[in-house]
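In what follows, every heavy atom counts, from backbone to side chain, and hydrogens, waters and symmetry copies are set aside.
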Amino acid sequence: MLPDPDQIDDESRALIVSLLPAVATEIVEINGLGPALALFNAFGGTEAYLYKSIPPLGCVGAARFADLAAVIGEANVLRLGNTYVSEGGHLYVPRCLAAMNALKRRQIIAEYDALLKTCSTRDAANTLARRYRASNRQIEKIVNGKRKTRFTGANP
């Protein structure tokens with residue numbers, strides 16, 4: 001459930017980009033933030049096989065190309081292929097968990113604030129817990145700005 005990249009404010013965009021690993025930052029520069037986030041979301045943690053041109057129908061490459069193109073578009077797949085094919089034809093797509101989680105937290109906070117205009121804090125937390133498959137306690141911690149800390153055994 002990614003937000004529309006055109007609606008991501010400059011502060012969120014800067015935060016997200018700052019949390020990306022180097023290869024992910026390159027992908028953002030090549031294809032833009034929207035397609036890059038879609039790629040990380042759909043293919044993060046896997047190797048994407050890239051091509052400099054559209055592979056012929058019927059071959060394994062055509063199916064791989066179609067899978068990528070369905071997520072980020074043919075032109076973006078070809079841009080990545082023209083950039084990375086000389087380096088072996090495939091690219092490990094990072095999961096970008098820190099950036100994706102930061103984006104998710106910001107999205108939860110924005111939706112929570114919007115829900116508060118029409119319902120109680122408990123109802124807003126429960127609605128978002130179902131939507132994001134999280135507990136209402138996790139939602140409350142996110143919107144209240146509290147981070148999970150480990151118990152060290154020492155008294156504060």
One should read off an interatomic distance between Arg131 CZ and Leu115 CG, to the nearest 0.5 angstrom, of 6.0 Å
CG of Leu33 to CD1 of Ile27, rounded to nearest 0.5 Å, is 12.0 Å
After noting the C-alpha distance and the side-chain angles of Val143 and Thr121, does the key distance pass the side chain to side chain contact (heavy atoms under 4.5 Å, CB included) rule? CA-CA 10 Å; Val143 299; Thr121 56; over 6 Å; no
d(Arg137 CZ, Asn144 CG) to nearest 0.5 Å is 7.5 Å
Minimal heavy-atom distance between Val71 and Ala38, with the atoms involved, is CG1-O, 3.5 Å
Any donor-acceptor N or O pair under 3.5 Å, side chains Tyr132, Gln138: no
Taking every heavy atom of Leu68 against every heavy atom of Tyr49, the minimum-distance pair comes out as CD1-O, 3.6 Å
Are Leu15 and Val28 connected in a single hydrophobic cluster, I mean Ile/Leu/Val/Met/Phe/Trp/Tyr linked by side-chain heavy atoms less than 4.5 Å apart? no
Output for pair (Leu80 CG, Leu39 CG), nearest 0.5 Å, gives 6.5 Å
* To do: Inspect the surroundings of CZ in Arg95 and state if more than 12 heavy atoms from other residues, nucleotides or ligands are less than 6.0 Å away.
  => no
Looking only at heavy atoms, the pair that brings Gly32 and Pro35 closest together is O-CD, 3.6 Å
Ala24 and Pro94 have their tightest heavy-atom pair at CB-CG, 3.9 Å
**Request:** May I have the step-by-step check of side chain to side chain contact (heavy atoms under 4.5 Å, CB included) for Phe40 and Leu97, ending in yes or no?
**Result:** CA-CA 9 Å; Phe40 306 147; Leu97 214 48; over 6 Å; no
Mind checking whether Val77 and Tyr51 have side chains closer than 4.5 Å, heavy atoms only?
no
Value for CZ (Arg13) from CG (Leu103), rounded to nearest 0.5 Å, stands at 10.5 Å
inquiry  = Could you tell me if the side chain of Tyr84 sits less than 4.5 Å from the side chain of His90, heavy atoms only?
reply    = no
* Indicate yes or no for a side-chain donor-acceptor contact from Asn41 to the backbone of Leu37 under 3.5 Å, with no hydrogens or angles considered. => no
Interatomic distance, CD1@Ile16 vs CD@Glu11, rounded to 0.5 Å, equals 10.5 Å
Shortest non-hydrogen pair, Pro21 vs Cys96, comes out as CD-SG, 4.0 Å
- With a 4.5 Å heavy-atom cut-off, do Leu78 and Lys52 have their side chains touching? no
Test side chain to side chain contact (heavy atoms under 4.5 Å, CB included) applied to Glu47 and Val93, step by step:
CA-CA 6 Å; Glu47 283 191 348; Val93 179; over 6 Å; no
Note, Met100 side chain near Leu19 side chain (heavy atom, < 4.5 Å): no
Closest heavy-atom pair, Tyr92 versus Val23, reported as atoms and distance to 0.1 Å, is O-CG1, 4.5 Å
Q.
Do Asn82 and Arg79 pair up side chain to side chain, a donor and an acceptor below 3.5 Å, judged on atom types alone?
A. no
Heavy-atom check, side chain of Asp123 versus side chain of Thr118, under 4.5 Å
no
